[in-house]
Amino acid sequence: MYPGTNILLKPVFLRGFSGSLHLVLVLLLFISWVCQKFKVGSQEGSKERSRNTRCLCYKQTLICCLGLSVLNLVFCLLSYFCWYRNDWSDERLVTLLDLAIRTLAWGVVSLYLHAQFSNSGQSKLPFLLRFWWGFYLFVSCYCLIIDFVLYKKHVSLPLRSVVSDVVSVISGLFFIYVGFFRKKQGEDILLEEPLLNGNSTSVDSDVVSNKSTGDATVTPYANAGLFSIITFSWIAPLIATGNKKTLDLEDIPQLDTRDSVAVIFPNLRNTIASDCESINRVTTFKLVKALICSVWRELLWTALYVLLYSLASYVGPYLIDTFVQYLNGRREFKNEGYTLVSAFFVAKLVECLSQRQWFFRTQLIGVRFRAALVAIIYNKGLTLSCQSKQGHTSGEIINLMAVDAERIGFFSWYMHDPWLVLIEVGLALLILYKNLGLAAISTFVATVLVMLANLPLGKLQENYQEKLMASKDTRMKATSEVLRNMKILKLQGWEMKFLFKIVDLRKTEAGWLKKFLYTNALTSFVFWGAPTFVSVVTFGTCLLLGIPLDSGKILSALATFRILQVPIYKLPDTIAMIAQVKVSVDRISSFLRLDDLQSDVIERLPRGSSDTAIEIADGNFSWDISSQNPTLKDISFQVFHGMRVAVCGSVGSGKSSLLSSILGEIPKMSGTLKLCGTTAYVGQSPWIQSGKIEENILFGKEMDRERYERVLEACSLKKDLEILSFGDQTVIGERGINLSGGQKQRIQIARALYHDADIYLFDDPFSAVDAHTGSHLFKECLLGLLSSKTIIYVSHQVEFLPSADLILVMKDGRITQAGKYNDILNSGTDFMELVDAHKEALSMLNSIEVVQDEKESVSENDGKSSSSSGVMKKEENGIAQRGKTDEPKGQLVQEEEREKGKVGFSVYWQYITTAYGGALVPLILFSQVLFQGFQIGSNYWMAWASPVSVDEKPVVDSTTLIVVYVVLAIGSSFCVLARAMLLVTATYKTASSLFNKMHECIFRAPMSFFDATPSGRILSRASTDQSAVDMNISYQVSSLAFSMIQLLGIIIVMSQVAWQVFIVFVPVILACIWYQQYYIPSARELARLVGVCKAPVIQHFAETISGSTTIRSFDQESRFRDTNMKLMDGYSRPKFSLAGAMDWLGFRLDMLSAVTFAFSLVFLISVPEGVIDPAIAGLAVTYGLNLNMLQGMVIWNLCQLENKIISVERILQYSSIPSEPPLLIESNRPDPSWPSSGEVDIRDLQVRYAPHMPLVLRGLTCTFPGGLKTGIVGRTGSGKSTLIQTLFRIVDPAAGQIVIDAINISSIGLHDLRSRLSIIPQDPTMFEGTVRSNLDPLEEYTDEQIWEALDKCQLGDEVRKKEGRLDSTVTENGENWSMGQRQLVCLGRVLLKKSKVLVLDEATASVDTATDNLIQQTLRQHFFDCTVITIAHRITSVLDSDMVLLLSHGLIEEYNSPARLLENRSSSFAQLVAEYTMRSNSRF
């Protein structure tokens, strides 16, 4: 064969030499292994350390060795069964032996590597292997050169030997690179660690100590071996745990560092930075590029798996024709049947393995995308400028995180689809060309047409998706605003009006949803009909061109069409998904491009480098950069270290803006601002994080017990903490909902004091606390603990001004006067006006003689004025003790409920029957059964009616064959259309129905529900879960039903041919069901944990956005970023484990169905010829190719549905909240004129906020006379606001009753009650909208009436100045109005309503004394004949009341007219008044 060839060039020598070498290697490895077994004892110590430094390419090396073993095995089997079966020469025998020894040798090398690295933790590749690889490369190169020499000599060579040699050289090069040039993983780390940490072990101990014991383990995936990765055994322990108990977050291991946000986010950020200099310049394209760069390795791996999967999936259709001819008796060679079965089986295995790895790694990419995007959005949210924030409400920003980042994460599933479609279509056309010749061109044209038909639909979908997202944003924005202000809405009786507003917004959203869903239905019709359309065109072309059709070719074509169906099916999804993701990426990149806070506003001087703490020269600042009229004009002042500076001025004069400018929050137009030292800021409206009180005060600092106690004392929080069941460990509800205004404010002050900054900025924090506490805070905090610090404080209380070293008087954004108290008192009018107003308020006090000895008694009793009489003290102690023993205790905010165990059948049933009582379900199922029937019928017809081989006579002529096929195809298409339309109708109806039901329930829920439920939980149901119901769940339910029907179809077809298949089929199905039952408990809890872990991420983000000013002023951004990363990892953990668990199940199901398929093939080739119709047997194989996919899909859809249906479960959970008492009780409606006199009679009133909480009011009995003014005073937390809430039935009494004008308020409807009472609440609230919609949301009044009310409350001129007048805009939370102006708007609402009973809940806390006097005057003028109940911290506000009620710890301490109470010098009220007078007349 090789005449005249040197012996060294003969293949027989080469193969013999190669085989001998491989045999020697096996022996050497065996000897090495034996030696190691003897040495094993001495190496135990170093095992741990070296485990961290395994060779970096260990997995790749192992895969390469296994690959070589498999390749040689395939060549060996093919040589034995195909190539050499007729003729055995010496050369062939040696080649076969060489292949067999190579298979063995590389298998042994793989095992040796696995043993070296997984057990002994070797860090270096053994010398023996590296030496052998060098030798192997040399021999491989030699063989390849010989091939080249022989080729030049025109000696013909078998292609397989060239392929084998090329593969050997490439793998040899890889081994040399790994063995000699590649660094070990962890080498750098080991070199650096001692330098960084002093010793390398401390790091580990720190890491471990930071984690709770349950969470300390890292996912086994991080160190899993090859076998474990292929079979997903690494997740098995978690699934086993989930099968024994309900999984909790601590059962789920930590992510591998590579998947943690701490690693992913910096990578993404650096990529963006290197590409676009700053994140503010990122475009959609650059963001996508950066995301891809951050996961390029995983992307390449998944691309490889996708390619393998595609190639393997087409082996079946390629071989079917050969298989049918084999069954028909045409034998090519001996054992052809078994070779075919082996090829089918191996292809199936490769397909299954590559698909599992593809799916898992894809989800891993999704987890990384999601984590990186959430981190980047969060960081951007922390640095947004105020102007950017005004353009984007918190609801919209939260949606970027909750919906858009989630969607981009999910897109990882679809990433490879665009190029995969081209490969799969290409492969399909090659197979069709082999079988049907030129008819394949028509297939190509038909496929392209079908794909083109999708383009306009895809464009429409993108358009609708964009509109849908925009309307969803608007709705979420409104929902979050409503949830924030639910208390006000309930007090005013407006909640149903706002519910209708949200329902209207949902109607707009639902309009787009409907269009989107129906477009989707059309797309699905086009694509379910696509394979049928393509096959009709192809077979029609064959008929026209006269290409003979035998059943083998037809079946091969049908199998190819079915696989072609997948890319065509997936194309609409992919196009829709690309459209959705493009919208999401656009939204995120445009958010990232928003302006940040100006970084150059403040010139920071190093600590201690200057005597000046703050200096502003010629500063002009404006919230709106484009505005011609700056907010602050010509600001110049200098503050030295240790100075106290007071800022005063009327409402809206720019006091708060001045503090914001010092913090660098307002854009600077011109001038300079220098700052020397750290800052702490206390805002006017308190920002409290949900969490423990202690955490709020420490705010990231270490606990210093002595300092902490001092701070609590100074902020007089000790008493409040004693009252709370859990002291400073009490969990605060969202936005401090379970604390009074004063308590929130004092916790804020405590946070600032504990922080020990150099410069303190206080924005009128004393207005929210009572007079006594206010003076205590001023004395202890500003004059005591902070005596050496620089302080700037805004204050409306004139009595706090004299102790300032510098007073800045503001008016219209300018500093009109500056200097010491006495200096500026006589130098201008603005300050005089404020002081005169204060004196006027005090004039009432001056009419009462306050003697000096009274002052002395006050100073003696200082700090305990709230319980002056001894009797009272004893009684109080008794009550306090009683409260401690008998009261049930519990935190207000409980852990989020999650259902446990199996999702109840009732959830499925409720979901299915929501739309039209479930009437459409049987119709949808019937159309799917018909579709399946038509499909099988048409394929059966083609197989049965066409001849098995070209020689046989056909049963029917070719025209009849095609016509019948076309009729059946059209029938199946119409079934698909009916099914798609019915499904969409049901989906839309269900989504709308569930939405309305849940929202109605939430809006009718009692206030206690909102107190105890962070809004993040409600918002995640209204956004993420509702989104799932709108878009996904119906498809999940239908997919399950459809795939079950398809599976039944396959079983029926296969059993037609060989019922014996059931021998294997039944046990396999039972095994599948067992696996599914074993897997489901873990998967279900993991899916629930994903839901539960998402809410904290959203809530933390929402809190961060609302408190960003405070966070920045304390310089805590990095801590908040870390918290966000921790929460994000907490969310990724169950997500990652869920992905692993799904593929664990998928792998096992795939293996089982591959075994079933192989068994049925073996059975078919074992049956004697002629027993089975080859064409029908071929049809069974065609369907059997899909068996594993469908069997997997049924179980997969079942599990996915269990996971997804949890969204429905969560929505239903909030659709059954116990509601408040009825809004109207028709049988008991009060008279339209009620209340006529306004007498409020309180009888033995006891109130608690929740069944597990202690009593707040403990038996009050008194009467507020009709038409008179009653003032309620008392220390913070004494129950004043609770009494008002009970009056409005925000809280219902635990015992006792309130009677207004002879009607027990508990006996009438809530709206009847609340609409007849008026309130100006403690936190002034404005809603996004216009001035008109804020004053009159129910649209009951004319413009004239509104203007009149505005003039009465001193806002008329302010509103006339604005461009839109009554229609001028109010931003979210009324941010573009000052606190005082918001308070005046609330007054305007009351003036419009003109109720007989009016409640003022610290209504003038946020305004200066002059405005306060005006408000009091307005009220006296317009409510002279009404019952006015006032809670006030300014004693002057209650002094002209007819009656004063003094509360202490939920009990009435004193109740009488002010004059009577002041007569008794020792009364608590007299002491409060004396305290106030002394404070007002003195200087601190």
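Heavy atoms only: backbone and side chains are in, while hydrogens, waters and symmetry mates are out.
Rounding to the nearest 0.5 angstrom, the gap separating the CD1 atom in Ile635 from the CD1 atom in Ile616 is 7.0 Å. With values rounded to the nearest 0.5 angstrom, Glu1454 atom CD is found 12.0 Å from Met1443 atom CE. Interatomic distance, Leu786 CG to Tyr760 OH, rounded to the nearest 0.5 Å: 5.0 Å. Atom-to-atom distance recorded for Leu1445:CG and Ile1429:CD1 is 10.0 Å, nearest 0.5 angstrom. The distance from the CG atom of Asp812 to the OG1 atom of Thr631 is 12.0 Å, given to the nearest 0.5 Å. To the nearest 0.5 Å, the span separating CD1 on Ile1272 from CG on Leu1283 amounts to 4.5 Å.
Between the side chain of Ser610 and the backbone N or O of Thr612, at least one donor-acceptor pair lies under 3.5 Å. Panel note: side chain Arg707, backbone Tyr754; a donor-acceptor pair is recorded below 3.5 Å. Side-chain atoms of His755 do not come within 3.5 Å of backbone N or O of Lys701 as any donor-acceptor pair. The main-chain N or O of Leu777 is never found under 3.5 Å from a side-chain atom of Glu780 such that the two would form a donor-acceptor pair. Of the possible donor and acceptor atoms, none in the side chain of Arg644 sits under 3.5 Å from a partner among the backbone N and O of Ile792. In this structure, the side chain of Tyr681 does not engage the main chain of Ser660 through any donor-acceptor pair within 3.5 Å. A donor-acceptor contact shorter than 3.5 Å is absent between the side chain of Asp728 and the backbone of Glu694. Although no hydrogens or angles enter the test, the distance criterion places a donor-acceptor pair under 3.5 Å between the side chain of Arg1382 and the main chain of Trp1377. Panel note: side chain Ser657, backbone Gly654; no donor-acceptor pair is recorded below 3.5 Å. Panel note: side chain Arg814, backbone Asp634; no donor-acceptor pair is recorded below 3.5 Å.
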Next on the checklist: Using the rule given for side-chain contact (heavy atoms from CB on, under 4.5 Å), can you reason through Phe637 versus Leu808, listing the C-alpha separation, both sets of side-chain angles and the distance that settles it, and then say yes or no?
Outcome noted: CA-CA 9 Å; Phe637 66 90; Leu808 304 176; 4.1 Å; yes
Next on the checklist: Working note: Phe1114 + Phe699, criterion ring-ring contact (aromatic ring centres under 6.0 Å, His included); need CA distance, chi angles, decisive distance, verdict.
Outcome noted: CA-CA 9 Å; Phe1114 282 89; Phe699 207 54; 5.3 Å; yes
Checklist entry - What do the steps show when you test Leu632 against Met810 for side-chain contact (heavy atoms from CB on, under 4.5 Å), and what is the final call? => result CA-CA 10 Å; Leu632 297 174; Met810 299 208 62; 3.8 Å; yes
Checklist entry - Hey, mind stepping through Tyr793 and Phe778 against ring-ring contact (aromatic ring centres under 6.0 Å, His included) and telling me if it holds? => result CA-CA 10 Å; Tyr793 61 98; Phe778 192 79; 5.5 Å; yes
Next on the checklist: Applying side-chain contact (heavy atoms from CB on, under 4.5 Å) to Phe762 and Ile791, what does each step give before you reach the verdict?
Outcome noted: CA-CA 8 Å; Phe762 290 102; Ile791 303 168; 3.6 Å; yes
Next on the checklist: As a quick check of understanding, evaluate side chain to side chain donor-acceptor pair (under 3.5 Å) for Gln743 and Asp720, giving each step before the final call.
Outcome noted: CA-CA 8 Å; Gln743 285 168 329; Asp720 300 88; 2.9 Å; yes
Next on the checklist: If you apply the rule side-chain contact (heavy atoms from CB on, under 4.5 Å), what do you find for Tyr708 with Leu753, and how did you get there?
Outcome noted: CA-CA 9 Å; Tyr708 183 71; Leu753 294 189; over 6 Å; no
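Counting only heavy atoms from C-beta outward, the side chains of Arg751 and Asn696 approach each other to under 4.5 Å. Inter-residue side-chain proximity for Phe1469 and Pro1458 is flagged as met; some heavy-atom pair is nearer than 4.5 Å. Within the 4.5 Å cutoff, no side-chain heavy atoms of Ile815 are placed close to those of Val809. No side-chain heavy atom of Ile666 sits under 4.5 Å from any side-chain heavy atom of Gln598. Contact of the Arg1460 side chain with the Glu1463 side chain is registered, since non-hydrogen atoms from C-beta on lie closer than 4.5 Å. Within the 4.5 Å cutoff, the side chain of Asn629 has heavy atoms near those of the Lys633 side chain. Between Ile1431 and Leu1400 the shortest side-chain heavy-atom distance does not fall below 4.5 Å. Put simply, the side chain of Val645 does not reach to within 4.5 Å of the side chain of Asp805, judged on heavy atoms.
Contact detail for Lys811 and Thr816: the closest heavy-atom pair is CB-CG2, 3.8 Å. Counting all heavy atoms, side chain and backbone alike, Ala804 lies closest to Ala646 at CB-CB, 3.7 Å. Contact record, Asp764 with Gln684: OD2-NE2, 4.2 Å, taken as the closest heavy-atom pair. The two residues Val682 and Gln748 make their nearest non-hydrogen contact at CG1-NE2, 3.6 Å. Listed here is the closest heavy atom pair of Tyr1455 and Thr1270: CE1-CG2, 4.2 Å. Summarising the geometry of Ile749 relative to Cys715, their closest heavy-atom pair is CG2-SG, 3.9 Å, with the distance given to 0.1 Å.
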Atom pairs and distances, side-chain donor-acceptor, residues 671-679, under 3.5 Å, sequence neighbours left out:
| from | atom 1 | to | atom 2 | distance (Å) |
| --- | --- | --- | --- | --- |
| Thr678 | OG1 | Asp758 | N | 3.1 |
| Thr678 | OG1 | Asp758 | OD2 | 3.4 |
| Thr679 | OG1 | Ser1113 | O | 2.7 |

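Counting heavy atoms of neighbouring residues, nucleotides and ligands inside a 6.0 Å radius, atom CG of Asp823 exceeds 12 of them. With a 6.0 Å radius and a threshold of 12 heavy atoms from other residues, nucleotides or ligands, Asp600 has its CG atom above the threshold.
Of the options Ser1467, Ser1278, Ser1468, a side chain to side chain donor-acceptor pair (under 3.5 Å) to Glu1453 is made by Ser1468 and by none of the others.
Looking at Asp763 and Lys655, no side-chain N of the basic residue comes within less than 4.0 Å of a carboxylate O on the acidic one, giving no salt bridge. Using a 4.0 Å cut-off between charged side-chain N and carboxylate O, Lys718 and Glu713 make a salt bridge.
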